[in-house]
Amino acid sequence: MEQSLIIVLFTVLLLLLTTTPGTLSQSSPAAAPAPAGPTNVTKILEKAGQFTVFIRLLKSTGVANQLLGQLNNSDNGITIFAPSDSSFSSLKSGTLNSLNDEQQVELIQFHVIPSYVSSSNFQTISNPLRTQAGDSAEGHFPLNITTSGNTVNITTGVTNTTVSGNVYSDGQLAVYQVDKVLLPQQVFDPRPPAPAPAPSVTKSKKKKEDSDSSGDDSPADASFASRNVGSVCDAVSFCVMSIMLAWFYL
């Protein structure tokens, strides 16, 4: 009897010793989730759908890599106005093919603002907005935004459109869908250079005018000199005649 009890106790103790490590491992806390990967604009647009052409242009121009670097190495944020595939379909045939490489880059950069703009900021935004394309002055890359109620209007000087949806927003990146491709003035409506200012009156011209004025006075001066010479001759003749008469009477 005692031997049986000892065997049972020994068996129970052995079971406890073999099951304790497994039990402890099951009760240990789960590992922390891996940090989220870098924000990738093209993947966000691919998930949203209907931005195939815009994604292709982002990649072919190298702007996608620029955005990836900015989003993961800067705190300024990015705002993108993404035209849908139907927006590109509405362009005149051959529009994209007529652009050189530099112009294609400028076109895509024109859809990117180098700062985060939430939907609530559109009402107080300062125009013109500066895009990644560069100079926002008239005739270059101006982008102006106005609001009317809940409608956000965008004008470029060539294109007038509206924001038709919020695709993505996380406090650093905002992506909005637009109904038309935003066409910048410098690429699609270049302005002729300003005319040069009218030249001022040159010194040579003024000198010529003064010379002409002097030439106008010369006939009068010559006439005056001629009269003076005649008077002197008359006086000399009178003196000679007087001397001859005086000599004759003497």
Side-chain angles (χ1 to χ4, degrees), residues 39-68 70-71 77-119 121-122 125-148 150-169 173-191:
T39 304
N40 190 310
V41 173
T42 56
K43 288 185 177 180
I44 291 171
L45 292 172
E46 287 170 357
K47 185 177 180 180
Q50 68 179 337
F51 298 105
T52 306
V53 179
F54 190 55
I55 292 171
R56 175 172 59 81
L57 289 170
L58 281 169
K59 292 179 177 179
S60 65
T61 58
V63 175
N65 290 333
Q66 294 176 4
L67 296 177
L68 186 63
Q70 287 178 255
L71 287 170
I78 293 288
T79 300
I80 300 174
F81 296 109
S84 62
D85 290 336
S86 59
S87 299
F88 283 98
S89 298
S90 64
L91 290 175
K92 187 182 298 183
S93 178
T95 297
L96 294 179
N97 292 333
S98 67
L99 304 178
N100 59 38
D101 292 345
E102 181 181 359
Q103 290 173 330
Q104 286 192 15
V105 172
E106 290 173 338
L107 173 63
I108 301 306
Q109 288 180 331
F110 190 56
H111 291 75
V112 180
I113 299 172
S115 60
Y116 175 77
V117 181
S118 67
S119 56
N121 292 144
F122 283 131
I125 207 162
S126 298
N127 288 312
L129 280 161
R130 185 177 181 85
T131 68
Q132 297 257 101
D135 192 353
S136 60
E138 185 70 18
H140 294 279
F141 298 97
L143 185 71
N144 294 280
I145 293 180
T146 58
T147 58
S148 178
N150 294 325
T151 303
V152 179
N153 305 300
I154 302 177
T155 180
T156 71
V158 179
T159 304
N160 297 312
T161 188
T162 58
V163 172
S164 57
N166 188 343
V167 179
Y168 180 86
S169 181
L173 170 66
V175 182
Y176 301 98
Q177 180 177 335
V178 288
D179 293 331
K180 294 181 181 180
V181 179
L182 305 180
L183 306 179
Q185 282 185 339
Q186 181 159 307
V187 177
F188 292 92
D189 186 25
R191 303 298 172 87

| Can you find a heavy atom in the side chain of I80 that is under 4.5 Å from one in the side chain of L173? | yes
| said: Can you list everything that forms a side-chain contact (heavy atoms from CB on, under 4.5 Å) with N121? Sequence neighbours excluded, please. | reply: V117, S118
| said: Could you tell me if the side chain of P184 sits less than 4.5 Å from the side chain of V158, heavy atoms only? | reply: no
| field | Residues that Q103 engages under side chain to side chain donor-acceptor pair (under 3.5 Å), provided they are two or more places apart | value | none
| task | Please report the closest heavy-atom contact between P142 and F110, naming both atoms and the distance. | result | O-CZ, 3.4 Å
| query | Does any donor atom in the side chain of Q50 or Q177 lie under 3.5 Å from an acceptor atom in the other side chain? | reply | yes
| remark: Sequence neighbours excluded, the answer for ring pair (Phe, Tyr, Trp, His ring centres under 6.0 Å) partners of Y168 is none
| query | Between the side chains of S87 and S84, does any donor sit under 3.5 Å from an acceptor? | reply | yes
| said: S119: which residues meet the side chain to side chain donor-acceptor pair (under 3.5 Å) condition with it, sequence neighbours left out? | reply: none
| field | Check: A174 main-chain N/O paired with T79 side-chain donor or acceptor under 3.5 Å | value | no
| said: Taking side chain to side chain donor-acceptor pair (under 3.5 Å) as the definition, give me every residue that meets it alongside S164, ordered by chain and number, with sequence neighbours left out. | reply: D179
| task | Enumerate the residue pairs fulfilling salt bridge (charged side-chain N to carboxylate O under 4.0 Å, His left out) with a member in residues 95-111, sequence neighbours excluded, ordered by first and then second residue. | result | none
| message | List the residues meeting side-chain contact (heavy atoms from CB on, under 4.5 Å) with Q104, not counting sequence neighbours, and say none if there are none. | response | L57, T61, L99
| salt bridge (charged side-chain N to carboxylate O under 4.0 Å, His left out) contacts touching residues 44-60 (sequence neighbours left out) | E46-K59
| F122: ring pair (Phe, Tyr, Trp, His ring centres under 6.0 Å) partners, not counting sequence neighbours | Y176
| query | In Å, rounded to the nearest 0.5 Å, how long is the span from CD1 of I145 to OG1 of T162? | reply | 11.5 Å
| task | If a pair satisfies ring-ring contact (aromatic ring centres under 6.0 Å, His included) and one of its residues is in residues 81-108, list it, with sequence neighbours excluded. | result | none
| note | Sequence neighbours excluded, the answer for side chain to side chain donor-acceptor pair (under 3.5 Å) partners of T52 is D85
| Among all residues two or more places apart in sequence or in another chain, which pass the ring pair (Phe, Tyr, Trp, His ring centres under 6.0 Å) test with F51? | none
